[in-house]
2 protein chains.
Amino acid sequence: MTEPTRTDKRQHIVETAYGLFKRVGFHATGIDRIIAEADVAKMTMYRHFPSKDDLMVEVLAYRAGRFERQLDRLAEQAATPERKIGTIFDWYGRWFRSADFHGCLFAHALAEFGDPAHPVFQAGARQKNDLKRRMRLILEEMMPADEADSTSAALLMLIEGATLMARIGQPDTAIRDARKAAMAILAAPGRPQ
Amino acid sequence: MTEPTRTDKRQHIVETAYGLFKRVGFHATGIDRIIAEADVAKMTMYRHFPSKDDLMVEVLAYRAGRFERQLDRLAEQAATPERKIGTIFDWYGRWFRSADFHGCLFAHALAEFGDPAHPVFQAGARQKNDLKRRMRLILEEMMPADEADSTSAALLMLIEGATLMARIGQPDTAIRDARKAAMAILAAPGRPQ
DNA sequence: ACATAGATAGACAGACCTGTCTCACCGCAA
DNA sequence: TTGCGGTGAGACAGGTCTGTCTATCTATGT
């Protein structure tokens, strides 16, 4: 606790920017609005983050970390691989129904920044690859590695598609249909254990 | 052919803007850049489109129309419902591999415009609902209506997720895994015909 | 009490945004 | 040749963008 204020302010800026990027968008959110809502000086923000790009990357990293920790906690409560996958779909179902659901910030980052070399694009892509890897590792407990790879890809696609469908109006049917499809994929022939 | 120039210019502006929105993004593309690339006067653009919002909606409508016509043409060449669904996945596979693939413009519109009341958001949502309906009508030829509804939702999710995965670097595995998952869903138990 | 170091508020610069307006130009009819 | 409707280019207005800078305030150590 040598410099509590510095850390608090930094985190406060990140969380405020997160809320704005989520609700308004990356390009559509200006620095002035972030500092006004966070109630900090512009120089305070620019001391912590050299540019808006850096702030966006930091917001995405913060969000990704929180997401990973929540899934870790849920996974350790689940006994079987099937249940671990189930808890991920559970998480998404609750998220879709939450009051401040505005779609996936990482998908939005990929949409707004078309250049694959841009750090914001890469931060978005990283979270998708991380989630796929998480599911692949779970699936490798119950199927061969190559099958786990393609199956984790399919589950990720269902999740991303469901997030988009939830965004355009049907959160309940989106998670229900995604879960149903996931069950069908996991019970696919060739691995009828 | 009473006013060929007017129509040509209008269409030329739409197509130029389409390329820029696709490559650069909606917010990141300025009016000045559109008119420069289309080589028209600013007033010419504003005579055809009262605002940038109107232009964006028109671009999305143009793109949606072209997409629908392509799928119509492919569908009428396919005999069975399974093959009709297959041609849709074929179309996406070719698109993912095309040189100017930059992800789904409709999904990007949803990402950039968070307000569901915004006409650009609605144009994006409309294309997703239209594609789901198209697949639902095909599926109703081979399964009960309620099942066709949830199955078409699942297929749409796979397609949207595959588009996202193709965007972050694996177009070939994305379409292959999506198609494999789609087969598993269509062959799901309870309808083993 | 005083010095110092860091944080703050807000003005400012320069670029870019959307959208408007003016004025020159061009083809065509009489 | 003269008049006219429509199109062209580009200046302009007013606002917003990111990022910098300066001057003031605050807190702390001695």
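As the structure is a prediction and not an experimental result, all values here were calculated from the model. Just so it is clear, the values below take in all heavy atoms, side chains as well, and ignore hydrogens, waters and symmetry mates. Order of the sequence lines fixes the chain letters, A, B, ..., with proteins taken first and strands second; residue numbering starts at 1 for each chain.
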Please determine whether a side-chain nitrogen of the Lys or Arg among A:D130 and A:R133 lies less than 4.0 Å from a carboxylate oxygen of the Asp or Glu. yes
Listed nucleotide nearest any side-chain atom of A:D32, set D:dC17, D:dT7, C:dT8: D:dC17
Starting at CZ of B:F49 and ending at P of C:dG19, how long is that distance when rounded to a whole Å? 13 Å
Spacing between B:F26 atom CZ and C:dC17 atom P, to the nearest angstrom: 16 Å
Rounding to a whole Å, what distance do you find between A:I13:CD1 and C:dA7:P? 11 Å
Decide, yes or no, whether a salt bridge links B:R69 with B:D72 under the criterion of side-chain N to carboxylate O below 4.0 Å. no
Please report, rounded to the nearest Å, how far the P atom of D:dG15 is from the CD1 atom of B:I31. 19 Å
side-chain N/O B:T44 vs D:dG8 OP1/OP2, d < 4.0 Å: yes
For the pair made of CZ in A:R47 and C1' in D:dT20, what is the distance, rounded to whole Å? 14 Å
For a quick check, tell me whether the side chain of B:K42 and the base of C:dG19 share a donor-acceptor pair closer than 3.5 Å. yes
Going by an N to O cut-off under 4.0 Å, is there a salt bridge joining A:R167 and B:E160? no
Expressed in angstrom and rounded to an integer, what is the separation of B:K52 atom NZ from D:dG15 atom P? 19 Å
Rounded distance in Å - OH (B:Y46) to C1' (D:dA13): 13 Å
Pair B:D100 + B:R23: basic N to acidic O under 4.0 Å: no
Could you tell me the separation between the CE atom of A:M45 and the C1' atom of D:dT20, rounded to a whole number of Å? 12 Å
Output the single nucleotide from C:dC17, D:dG10, C:dT8 whose closest atom is nearest the side chain of A:M43. C:dT8
